[in-house]
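Some notes on the structure that comes next.
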Number of protein chains: 2
Amino acid sequence: MKTSGFLNDRKMRRMAVTSFEASLRQRCSNCSLREICLPLGLDAEELGKLDDLVKRRRRVFAGQHLFRAGDPLQSLAAVRAGFFKIYEVSAGGHEQITAFPMEGELMGLDAISTDAHRGNAVALEDSEVCEIPFTRLEALLSDLPRLQHQFHKLLSGAIASDHGLMMVLGTMTAELKVAAFLLNLSDRLGARGQPCAIIHLPMSREEIGNYLGLKLETVSRMFSRLRDDGLIATEGRKTEILEHKALRDLCLQGPLRA
Amino acid sequence: MKTSGFLNDRKMRRMAVTSFEASLRQRCSNCSLREICLPLGLDAEELGKLDDLVKRRRRVFAGQHLFRAGDPLQSLAAVRAGFFKIYEVSAGGHEQITAFPMEGELMGLDAISTDAHRGNAVALEDSEVCEIPFTRLEALLSDLPRLQHQFHKLLSGAIASDHGLMMVLGTMTAELKVAAFLLNLSDRLGARGQPCAIIHLPMSREEIGNYLGLKLETVSRMFSRLRDDGLIATEGRKTEILEHKALRDLCLQGPLRA
DNA sequence: GACCGGCCTTGATAGCTGTCAAAAGTAGCA
DNA sequence: TGCTACTTTTGACAGCTATCAAGGCCGGTC
């Protein structure tokens, strides 16, 4: 759960010899994520206005924080590449991972209500985000009804997916939680046109457990059980879904009818 | 978890002899919830425009559904008086209560992403809601930046409070879950200037358990334990918080440092 | 006032997950 | 190649919550 400064230094050095200029010059207009992210449904002119806003694209290295709880909300961030985890720390000091945002998903939406971030965002692998100044975004929304509607859809979708997690946390056993987690990841990758049968998990067993309300040993045991049952194949963090339908049926049937 | 049609009939008859005309003629401008709900921060002229939108105020009796999963999203609903529960049904048929909305809270926000409700809203006691046609609301938001911002704050706040529940579901033991539930209820009542030491719970033990990921027997046991420890007093659903600070400390200290 | 059904409480037991512990696997580095 | 630190896996056992069961309480009805 803690960040290795050493790791960051190493990544930093790798950074120094690599140029990201080309990728940073990407615009929403030709971004492969425009059918998932904020630009969905906009015409060329509208896209241009949004592009003017999202001028800063930023690289975040594995282990690095993009923002921390308490930071004033200046920008929302859309994941352009890579993987993040968002965790919140309770008053009692307990950490809870609330999301694993991936390509095309917005981070920081929960900060609007208080003008300050509540969560901490850490890159799980070398990643890239598009920062969207929030005050200017809100101003633009008034001019572009379609953008406003898409923004509302993304906010609403965040609530809906949180409810999905509540369902997992509240009704499922450990085995089903892990199965549902893998399916969710696979589905989201698939929706982005990425290979979704073989997944390289960017998070540790402990992080999966924290997210699902389980201990890391239990997560490991459930991976083993799903493997022994022939539903998945595992090789460290590389996980292959062998029986997609069986896995889904397992989640559907649930433990017992309530 | 199922609705008693008989109860509804009884309530319906009670309705017939009572006039709600006076309360239904309420406007946002003089609503006691304007500092919590959508009108927060608006001037008189803006309030007027919002009032024009929110013309339909509707009574919902205990046990009655306001909307059901699958219903097309036409209006958001703000609770004006009373108490609701929102529950979702998974593909496998499991029900999960995701919220207990009370005065000043919006229902149906998660429906924007798909234009259809995902949850089911049931009144836990005779209640009243203000229905806000969503398409017209979005149009008005473009004209009223302050209303737009407040709407975004409410959406964001819904995400934030969902994260709070995830924290409860993911990190707390049964005793702490129940303690946190009572505190949350008490705090929200207090924020509305209502008595918050003695609470009449509008939901059953089973509903509390469903919300918290516990069985009803466990909820009952935890009520008994908190009572035996002198933190609360109980008399059926009437619950008094005797040691507010001790209850909060209990939640803060948590089970064990992670 | 007596009956009835739903909700709540309490007890005994079983099962699942957490805890503690140790060994094996993996990645990075000298 | 060998070392080190971290992650993952697996086992044994304890503890918490679910399950099954019985009895009490309360409101509503006749």
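Every heavy atom of this structure was used, including side-chain atoms; hydrogens, water molecules and symmetry mates were not. Protein chains get the first letters and strands the later ones, always in sequence-line order, with residue 1 at the start of each. These figures come from a predicted structure and were not determined experimentally.
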Once you apply a heavy-atom cut-off of 4.0 Å, does [X] come out as touching a base, just sugar-phosphate, or nothing?
{"X": "A:Ser220", "result": "base"}
{"X": "B:Gly209", "result": "nothing"}
{"X": "B:Leu214", "result": "sugar-phosphate"}

### Message
D:dT17, OP1 or OP2 - any side-chain N/O from B:Thr218 closer than 4.0 Å?
### Response
no
Among residues at least two apart in sequence or on other chains, which ones pass salt bridge (Lys or Arg N to Asp or Glu O under 4.0 Å) with [X]?
{"X": "A:Glu105", "answer": "A:Arg188, A:Arg192"}
{"X": "B:Arg248", "answer": "B:Asp187"}
{"X": "B:Arg225", "answer": "B:Glu175"}
{"X": "B:Glu131", "answer": "B:Arg56, B:Arg58"}

#### Entry: Pairwise 5' ranking along DNA chain C for B:Gly236 and A:Glu235, keeping only the more 5' one
B:Gly236
### Message
Expected output is a numbered-order residue list: members of residues 223-233 of chain B with a heavy atom under 4.0 Å from any atom of DNA chain C. What is it?
### Response
B:Ser224, B:Arg227
Got a sec, which residues hit ring-ring contact (aromatic ring centres under 6.0 Å, His included) with [X], two or more places apart in sequence or on another chain?
{"X": "B:His244", "result": "none"}
{"X": "A:Tyr211", "result": "A:Phe100, A:Phe181"}
{"X": "A:Phe223", "result": "none"}

What N/O pairs connect the protein and nucleotides 20-27 of chain D at under 3.5 Å? Give each pair on its own line.
from	atom 1	to	atom 2	distance (Å)
D:dC20	N4	B:Glu217	OE2	3.3

### Message
Tell me every residue that passes side chain to side chain donor-acceptor pair (under 3.5 Å) with B:Arg237, counting only those two or more places apart in sequence or in another chain.
### Response
none
### Of the listed nucleotides C:dT17, C:dT19, C:dT9, the one nearest the side chain of B:Leu216
C:dT9
### Message
Counting only side-chain heavy atoms from C-beta out, which of D:dT7, C:dT17, D:dA18 sits nearest to A:Met222?
### Response
C:dT17
### Message
Between B:Thr234 and B:Arg227, does the side chain to side chain donor-acceptor pair (under 3.5 Å) criterion hold? Intermediate values first, please.
### Response
CA-CA 7 Å; B:Thr234 65; B:Arg227 173 172 44 70; 3.3 Å; yes
### Message
Tell me the bend of the helix from C:dG1-D:dC30 to C:dA30-D:dT1 as the angle between end helix axes, each from five pairs, rounded to the nearest 10 degrees.
### Response
40°
### Task
Report the distance from atom CZ of A:Arg205 to atom C1' of C:dG25, rounded to the nearest whole Å.
12 Å
#### Entry: Residue pairs passing the salt bridge (Lys or Arg N to Asp or Glu O under 4.0 Å) test where at least one lies in residues 177-186 of chain B, sequence neighbours excluded
none
